[in-house]
Every structure is written in structure tokens, then in C-alpha cells.
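Keep in mind that this is a model prediction, so the values were computed, not measured. Position 1 is the first residue of the sequence, and the numbers go up from there. Read the numbers this way: they start at 1 and go in the same order the structure lists the ligands and their atoms.
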Amino acid sequence: MPKILVTGGCGFIGSNFIRLVLETEPEISIINFDALTYAGNLANLKEYVNHPRYQFIQGDITDSQIVAQTLAATQQSEIVDTIFNFAAESHVDRSILDSRPFVNTNVLGTQTLLDAARKFGIRRFVQVSTDEVYGSLGPTGLFSETTPLSPNSPYSASKASADLLVQSYVHTFGLDAVITRCSNNYGPYQFPEKLIPLFIHNLMRDRQVPVYGDGMQIRDWIHVLDHCRGILAAWEKGHKGEVYNFGGRCEKANIEITRLLLKLLGKPESLIQYVQDRPGHDRRYAIDCSKAERVLGWVPEMNFDQGLQQTIDWYRSNQAWVEAITSGEYRHYYQKQYGQRLGSDSK
Ligand code: NAD
Ligand code: TYD
């Protein structure tokens, strides 16, 4: 039975990935290694706490000792076959407020895991990266795997640095690694700081939604489970040292998404508030995922309108989950990020 180490498994994509693997891959057992930052939530996987193929370890990927202890302890029972590195500081706006944790976790954390992978003879390393490493597109064109890296935010710069480190370990040490680069995910369990869950959260409470700049920035949206299936396919069928892009073939301007959410939630346009733009805001992301389709036999399956409706339904049915994570630190962040932009409405 292959054992895998999933870092960042208490976050949005990592928890969806673990759920998918436990539900669809009966041969695989999982260690979820997560530091439980503000974005990590044990409640995301609470129904699996006692699952025979699931184990949680709280730890920081920058801490080489606990990473080594975890891999050494499991080596005695069953060797870890693969490390899936989801753990990251993941929000662009936070990286603008303070980039230090991004360099720490995303760069040094990845380097720590890469060294551990070498030391413990891990068969494969899967680095979960992002399309944001390619920078920003003009009105036409798509990011392919050969698009030069040109990150613009401290977040994307830290992810690009991690990708380069992974590639250097393949080249220098012969480590077997693959890198996945995906576009913007949406779906259940996403922390309400990113566009879609934040806007659902605010609209459900009749609060204004802060649209940055002119709202005409474009993102390519993909359902989180399509992304997770892609990561599994890259693990199973991807070639050593290769990069695989994943996207939903679903380009939408932010204002279009905002209007769709208003419609689906039955809220008035007056809740839209255009606010000061994000500094260095990337204008457009769009992914060419034909390599993943050709080599991995993967295709994005979820229709966006259906996926968005399901996501809204999920947030409606899981208000306690939202309430628990939007007290405390969240309020402090929201005030810092939006206080001046939104005025009195932000409180
Ligand atoms: P998230 O912020 O929801 O979750 C991150 C998880 O990592 C949390 O559980 C957190 O506790 C954990 N973590 C953070 N620092 C850690 C550390 N030092 N040690 C151990 N655990 C730590 O992020 P997400 O949206 O689930 O993203 C997961 C990965 O996917 C990230 O690497 C991100 O760059 C990448 N990605 C995200 C998107 C997206 O749209 N969200 C798109 C493409 C790629
Ligand atoms: P986000 O979800 O932060 O993802 P990313 O920056 O990684 O693409 O933002 C998606 C888009 O929505 C991006 O163009 C910024 C915009 N946005 C807003 O207009 N208002 C907001 O409050 C947030 C969080 C994002």
C-alpha cells in the first residue's frame, strides 16, 4: 500500500485532495503534515480523523527536524513513496502586506522538503505550483509550460523560486520531481479571503463586495476537484522533471463573476463597491492545458455555472465552518486589507 506525505493538507486544495484520495484510491494511505496556520483548519477533514488510512501530524515544513522525524518514523513501518507539497502561504494580498512568511514557507520550506526527499530516498516529489509564476498576459495568448517565468507579486515570486529549486534538484541530484501549475481554483473549503468565497460570504450577509480597480482583470477558473485529479494524474503518469499546466478553459473577468454571484444569491448591484486596485495587479491569466490533456489524459470536467452553484450551496450549508474561521485573526486581516478601501462598511 503506497504511503504519501501531503503537506498543507488542512488547507483548501490539500484537504480536497486528501478527501479525493481517501474516497477513490483504496490502496493509498496518507500522512497530512500541516502547520495549521490561519489557513489550515482541522475541521476541513474532521470526518476522517479516525480513518485507518489517514494520519495527521502538526508540523512546519521549514523545520527540518520534525520533517526528518516524520519521515524516519514512517520509514520504520512503511516508506513514504511520494511527497505532495501543497503547503504554502497562498494569498497575494497578504504577500503585499508582508512577504516574509512567503519566502520562509514557500522557498525555504520547499528546500527543506527537497533535502528530506533526497535523504530518505523518496521516490517522487510533486510540487503544487501556480500559473501566477508566468506573470501577466495581454488580451490574447495563453501560458504554456515553456512560457518564461516572470512573477509579479511576492507570492508568485516565492512560488517561482520554489519551482526553480525543484528543477535544480532534478538536474543536480537526479531527484524525481514533477511540477503542476494551475489556474485559480474555486470550490468548498476555500478560505474566505480569495475572491469567490469572500464575495459569497459578504453577499450572504448583505455586505458590500470590494472589486479591485475596474474589475476587468481576467482569471481562468477551475473547480478544485478538477485540479486535484490533475495532480493525481501528474503523479501517476507525469515524466520526471516535467511541468504540467492545469486550467479550466474558463476565462472570466472579475466583474462578470461578481455579477453572476449577485444573480445566484439574489442580491442588488448596489452591493458592488469598486475599490482601490491591488498594487502590481496581474491583468490576465489563461492556461494552455493541452500538454496535460495529451500526456496525462486529463480534462477539466466541471461546468463553471454548476460548480459555482454547488459552491454557493456548500457555503450556505456550512455557515458554522465559516463563522469559526472568520472570527479572531480574520477580522483583523479584513480591517487591515479593506478598512480604508471600504470605509465604514468593513466593520
Ligand atoms: P491554503 O492557504 O488554503 O492552504 C495552505 C495550507 O498550508 C494550510 O493548511 C496551512 O496551514 C499550510 N501551511 C502553511 N505554511 C505551512 C508551513 N510552513 N508548514 C506546513 N504547513 C503550512 O492554500 P491552497 O489554496 O489550498 O493552495 C495550496 C497550494 O496550491 C499552494 O501551494 C498554492 O500555491 C497552490 N495553488 C493554489 C491555487 C488557488 O487558486 N488557491 C491555484 C494554483 C496553485
Ligand atoms: P484572488 O482570489 O486573490 O486570486 P489571485 O490573486 O491569486 O488571482 O483574486 C482573484 C481576482 O479577484 C484578482 O484579479 C483580484 C480580484 N479580487 C478583487 O477584486 N477583490 C477582492 O477582494 C479579492 C480578494 C480579489
Side-chain angles (χ1 to χ4, degrees), residues 6-17 32-42 44-45 57-63 66-67 84-96 101-102 104-106 108-110 112-113 127-133 136 152-153 155-156 158-159 162-163 180-187 189-199 202 208-222 224 227-228 230-231 245-247 252-255 257-258 272-278 281-285 287 334 337-338 341-342:
V6 175
T7 71
C10 292
F12 164 48
I13 305 175
S15 62
N16 275 285
F17 179 79
N32 174 10
F33 186 91
D34 195 298
L36 296 180
T37 68
Y38 79 92
N41 189 349
L42 283 174
N44 292 2
L45 288 165
I57 292 176
Q58 183 168 3
D60 190 316
I61 60 166
T62 64
D63 182 340
I66 185 165
V67 169
F84 289 82
N85 184 25
F86 290 81
E89 289 293 336
S90 69
H91 190 37
V92 173
D93 290 325
R94 286 188 192 252
S95 80
I96 295 167
F102 287 74
N104 202 38
T105 286
N106 301 359
L108 291 175
T110 302
T112 305
L113 293 175
Q127 173 69 2
V128 180
S129 186
T130 164
D131 63 346
E132 301 194 27
V133 298
S136 184
N152 290 318
S153 71
Y155 163 65
S156 55
S158 67
K159 293 295 290 186
D163 286 12
T180 63
R181 294 189 182 136
C182 189
S183 60
N184 287 60
N185 286 217
Y186 70 96
Y189 299 97
Q190 188 167 27
F191 193 83
E193 63 183 355
K194 307 272 166 57
L195 179 80
I196 288 180
L198 175 67
F199 282 21
N202 283 11
Q208 290 189 302
V209 286
V211 174
Y212 295 161
D214 62 3
M216 292 306 290
Q217 303 82 6
I218 290 172
R219 298 292 183 262
D220 173 354
W221 293 93
I222 183 171
V224 63
H227 181 197
C228 292
I231 293 167
N245 283 352
F246 297 107
K252 303 237 179 258
N254 294 337
I255 192 64
I257 303 248
T258 308
I272 296 179
Q273 184 160 10
Y274 289 95
V275 299
Q276 195 190 352
D277 207 352
R278 171 188 281 173
H281 198 168
D282 285 339
R283 196 71 184 163
R284 176 170 169 262
Y285 302 148
I287 280 270
Y334 197 84
Q337 176 64 22
Y338 296 104
R341 284 176 158 131
L342 283 171

Counting C-beta onward and ignoring hydrogens, is there a side-chain heavy-atom pair between Q127 and T180 closer than 4.5 Å?
no
Of V67, D60, L113, which has the heavy atom at the shortest distance from atom 18 (N) of ligand 1?
D60
Give the atom numbers and elements of ligand 1 that come within less than 4.0 Å of a heavy atom of K159.
31 (C), 32 (O), 33 (C), 34 (O)
Using heavy-atom distances only, which candidate in I57, N184, I13, L108 approaches atom 24 (P) of ligand 1 most closely?
I13
Any N/O of G9 closer than 3.5 Å to an N/O of ligand 1?
no
Minimum heavy-atom separation for R284 and S136, please, with both atom names.
N-OG, 3.4 Å
Under 4.0 Å from a heavy atom of F86: give me the atoms of ligand 1 that qualify, with their elements.
28 (C), 29 (C), 31 (C), 32 (O)
Partner set under ring pair (Phe, Tyr, Trp, His ring centres under 6.0 Å) for Y38, not counting sequence neighbours:
F191
Name the orientation class of the two ring planes belonging to F246 and H227 (parallel below 30°, tilted from 30 to 60°, perpendicular beyond 60°).
tilted
Out of all atoms in ligand 1, which are within 4.0 Å of some heavy atom of S129? Include the element for each.
43 (C), 44 (C)
Just by distance, no angles: are the side chains of Y285 and E132 close enough, under 3.5 Å, to form a donor-acceptor pair?
yes
Could you tell me which atoms of ligand 1, counted from 1 in the order shown, lie closer than 4.0 angstrom to a heavy atom of C10?
9 (O)
Minimal heavy-atom distance between P210 and Q208, with the atoms involved, is CD-O, 3.9 Å
How far apart are the closest heavy atoms of R341 and Q276, and which atoms are they?
NE-O, 3.0 Å
Distance, nearest 0.5 Å, that separates CD of Q190 from CG of L195:
9.0 Å
Nearest neighbour in protein (non-hydrogen) for atom 23 (O) of ligand 1:
S90 OG, 3.2 Å
Short side-chain donor-acceptor distance under 3.5 Å, S129 and D163:
yes
Could you tell me whether ligand 1 has any atom less than 4.0 Å away from a heavy atom of S183?
yes
Under a 4.0 angstrom heavy-atom cut-off, which atoms of ligand 1 come close to G8?
6 (C), 7 (O), 9 (O), 12 (C)
Nearest option to atom 11 (O) of ligand 1, as decided by whichever heavy atom of D34, L42, T62 sits closest
D34
At less than 4.0 angstrom from any non-hydrogen atom of L36, what atoms of ligand 1 do you find?
11 (O)
What atoms in ligand 1 come closer than 4.0 Å to a heavy atom of V128?
30 (O), 32 (O)
Measure and list all N/O to N/O distances between ligand 2 and the protein that fall under 3.5 angstrom.
unit_1   : atom_1 : unit_2 : atom_2 : d
ligand 2 : 2 (O)  : L195   : N      : 2.8
ligand 2 : 3 (O)  : R278   : NH2    : 3.0
ligand 2 : 4 (O)  : N184   : ND2    : 3.3
ligand 2 : 6 (O)  : R278   : NH1    : 2.5
ligand 2 : 6 (O)  : R278   : NH2    : 3.3
ligand 2 : 7 (O)  : E132   : OE2    : 2.4
ligand 2 : 8 (O)  : N184   : ND2    : 2.8
ligand 2 : 8 (O)  : R219   : NE     : 2.7
ligand 2 : 12 (O) : N254   : ND2    : 3.3
ligand 2 : 14 (O) : R219   : NH2    : 3.2
ligand 2 : 14 (O) : N254   : ND2    : 2.8
ligand 2 : 14 (O) : H281   : NE2    : 2.7
ligand 2 : 19 (O) : Y212   : N      : 2.9
ligand 2 : 20 (N) : P210   : O      : 2.7
ligand 2 : 22 (O) : P210   : O      : 3.4
ligand 2 : 22 (O) : Y338   : OH     : 2.6

Does the plane of the ring in F84 sit parallel, tilted or perpendicular to the ring in F17? Use 30° and 60° as the thresholds.
tilted
Would you tell me whether T62 and N104 have side-chain atoms, one donor and one acceptor, within less than 3.5 Å of each other?
no
Nearest option to atom 15 (N) of ligand 1, as decided by whichever heavy atom of T105, N44, N104 sits closest
T105
Tell me whether ligand 1 is touched by F191 - counting only heavy atoms on the residue side and a distance under 4.0 Å.
no
At the 4.0 Å heavy-atom cut-off, does G59 count as touching ligand 1?
yes
Is it the side chain (CB and beyond), the backbone, both or neither of Y155 that lies under 4.0 Å from ligand 1, heavy atoms counted?
side chain
The test is salt bridge (Lys or Arg N to Asp or Glu O under 4.0 Å); show your working for K159 and D131 and say whether it passes.
CA-CA 10 Å; K159 293 295 290 186; D131 63 346; over 6 Å; no
Please indicate whether any nitrogen or oxygen in A35 is less than 3.5 Å from any nitrogen or oxygen in ligand 1.
yes
Regarding ligand 1, does T37 bring an N or O atom to under 3.5 Å of one of the ligand's N or O atoms?
yes
Closest heavy-atom contact between S183 and D220?
OG-O, 2.8 Å
Do any nitrogen or oxygen atoms of N41 lie less than 3.5 angstrom from nitrogen or oxygen atoms of ligand 1?
no
Taking C-beta and beyond as the side chain, do I255 and I272 meet within less than 4.5 Å on heavy atoms?
yes
Check T105 against I61 and note the closest heavy-atom contact, atom names and distance.
O-CD1, 3.6 Å
Does ligand 1 have any atom sitting under 4.0 Å from a heavy atom of G109?
no
Would R278 pass as a cation-pi partner of Y212, given that its NZ or CZ must be under 6.0 Å from the six-membered ring centre and within 45 degrees of the axis?
no
